Amino acid sequence: MSKKAELQSNERRQLLKIVGAFFVGNAIGIHPAFAATLPTDQERKTFAAFLDVLLPRDEHSGSASDLGIDVKLRAFSETDDNYHKLIKFGCQWLNMTGGPPFSELESQQQIALVEWMTTSDWNQIPRRFYTLVRQTAIELYYSEPATWAGTAIDSPPQPLGYMPPWQ
Amino acid sequence: MAVNKRPDVVVIGAGAGGAAAAWRLCQHGLDVLVLEAGPRFDPTRDYKLQQTDWERHRFPLPPGSQGEFSIAPLAPLDPKNADLLSWNSAIGRMNRGNTRQPMGPGYSHVQGVGGTTLHFVGEAQRLHPEAMKLQSDFGVGNDWPLDYADLEPYYSLCEEVVGVAGPAKQGKRWRSKPFPLPPHPLSPSSKLLLETGRRLGMAWQENSRAVLSAPYDGRPACNYCGNCNRGCPLGDKGSVDVTFARKAEASGRVTIKPNCPVVNIHTAANGRIEAVDYLEQKTLTRVETPILIIAAGAVQTPRLLLANSNVSHPEGLANSSKQVGKNFMESLGWNSSGFVPGLSNSHVGLQSDAICWDFNAPNAISGVVGGCRFNSSTTEIGFNGPIAYASRAVGGFGKHLKDGVRRHFGSIMSIGAIGEFLPNDGSYIDLDPNKKNRMGMPYARIHSRPSESEINRLRFMVEQCRRLLKEAGAELVEEFGTYDHFSASHVFGTCRMGVDSKSSVVDVNCRSHDHSNLYITDASIFPSSGGGESPSLTIEALAVRAADMIANGKTLPPSVPVTQAKNIG
């Protein structure tokens, strides 16, 4: 089965809306000279590690990679050229610290690096990568009922609704 | 080309104005053909509220469910209005450019059987009587050629068809009958909002809603899932597909044809509309139009009229006044949201269940003519699921993000405001010279320029929203408005009604001044936008009234008609 088919079409459509809005809304594109190539093993590890820094495992729910969000987003990236290139750029940047690859950094080092990304120049790759990957990861992660533990919801709004009385 | 048998009336558009007119005409025993450019939706298939990823799905927009339009370059942003910029805790400023930008498609609407009522929140509000006389009373905007009293019986009738639930107390909006159903219970967020407003001297109350508070007319009561605008799968929301269109089809006198966009409108030598051509599965079909009603909305209706210009009507149909497409009025809107200590379960309950009309009258806001209204908007703007909390309200990442979503979920209170938009020369619809569809019809092009009075009114709206949230002890997490974004769902005015054929497009009965058998029954005929009232009930009331005039051959004193003819051709 192709990666494209693996990702349910509805899911893909929703992600395309987010990614499309991001690139169009912010008037950015990835340089066409940057060729999209298949991700390396290291890039896969880097991407999964980055997602787990964004959405780590805790006492209530698993991490992004525990729920397969990295696999879903990589599959999506193969259907959207801009997103694919942004991931490659972003992962390459994460591994340019001069030390070991991002996935092998200490947890506190990873967090410090991502923290820096959140306040970096909006017009540079690290900030764009952080912002868009965060948004798309959240969309998929919090679509999983396993992540709702600790909130006031445990099922979709229908068919039961939320009948009064309410506290 | 296929030729259809001749119905008594052809209606373009199966939204609020088209379906309501069709229903009433069927009641009068007329045969009606409704041509709808968009699809027919299947709530059980198309709405996703039973899925675990429900929050990712806004209202579905399959092919053909959006009208064709473009948006002309929008206004530059003025640094002096920095207090009106949209932002949230997760991403900061939402518009990082120097000009106003469309939010999503910009013009939020649905083309399909039910029209924009399919995704509307479902407020069922009557216009403030004083909002209909802006020119006479305040020297701005335009007067309606009829009064609240002329519409009141039709408001009541439409409320019965829809099954409106609301409280008895309605201020200046006097009523000849009570609402068909009692008001809905207030959500936790709105209960707190009422208490907060009371401390500030504001009179908040239950909103009047086109949503069933009890089983009614074969439809179930609402179960308060809080997602009306994602599409109601139960049928308790009074969208047109389950009210006017359903009843019209039950009469056996109407044929509603989805996916049938009208391409051409033909006129006869005497100025009457002779026939329309529509596409049905790639076949162009012509149908005669003894009476034609256009109800395609304030963007697509002027497009149809302008695009069908001919030798006899070089400025477009119904456009001897040159007012078709002018006077475009959009939604002036704002929402402020904040975490409120002690508030929980704000994700449950009916959308927009509470309202404040204190500043709705045209002279209610100091220093600017034109009113506004405030409403509870927590679930309406999507703060009812963890994705919204994580992506908009809780910033950062990691433990901070996940803990924050759990800690704050259900504690957001959002307050919305919608205000009057006065017509101005920079806001209009024309035909896009650079974009045409496959049939060669130019796209509608939206020009929008809020003027200084709109900015001032918006600022008042913003200040009140912030004042309320401050009083509630809230920590602001998101503010969104139409200063830096073009985000319109209520649009009006592009074929305005009036008594003078030189300055208006249709008369008091919604009949074209230029074509004696052409009527328009959508919000394009509104001479003014009102002070933030949602327009669907007024559209329906005007449409039903127009249908009565058509069917009875009864017309109120005419304006200055270009051609005279009997109503039924």
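Predicted, not measured: the structure shown is a model, and the values here were computed from it.
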Could you give the distance from CZ (R57(A)) to NZ (K399(B)), rounded to the nearest 0.5 Å?
15.0 Å
Could you give the distance from CH2 (W122(A)) to CD1 (I91(B)), rounded to the nearest 0.5 Å?
6.5 Å
Just checking W166(A) against Y224(B), ring centres under 6.0 Å apart?
yes
Mind checking whether [X] and [Y] have side chains closer than 4.5 Å, heavy atoms only?
X       : Y       : result
I153(A) : F409(B) : yes
W148(A) : R406(B) : no
V405(B) : Y142(A) : yes
R56(B)  : L140(A) : yes
S143(A) : T52(B)  : no
I138(A) : L401(B) : yes
Q51(B)  : P156(A) : no

Heavy-atom contact with chain A under 4.5 Å, split by part of [X]:
X       : answer
P185(B) : both
H408(B) : neither
L234(B) : side chain

Part of [X] lying under 4.5 Å from any heavy atom of chain B:
X       : result
A149(A) : backbone
T147(A) : neither
I111(A) : both

Got a donor-acceptor contact below 3.5 angstrom from the K402(B) side chain to the L55(A) backbone?
no
Note: S391(B) and R134(A) closest approach over all heavy atoms is CA-NH1, 4.0 Å
Exercise: identify the closest heavy-atom pair between H347(B) and A152(A):
CE1-CB, 3.7 Å
Could you have a look at P165(A), P145(A), S63(A) and say which one has the most heavy-atom pairs with chain B under 4.5 angstrom?
P145(A)
Which is it for Q158(A) and N223(B) under the side-chain hydrogen bond (donor to acceptor under 3.5 Å, both in side chains) test, yes or no, and what are the steps along the way?
CA-CA 9 Å; Q158(A) 293 289 357; N223(B) 69 4; 2.9 Å; yes
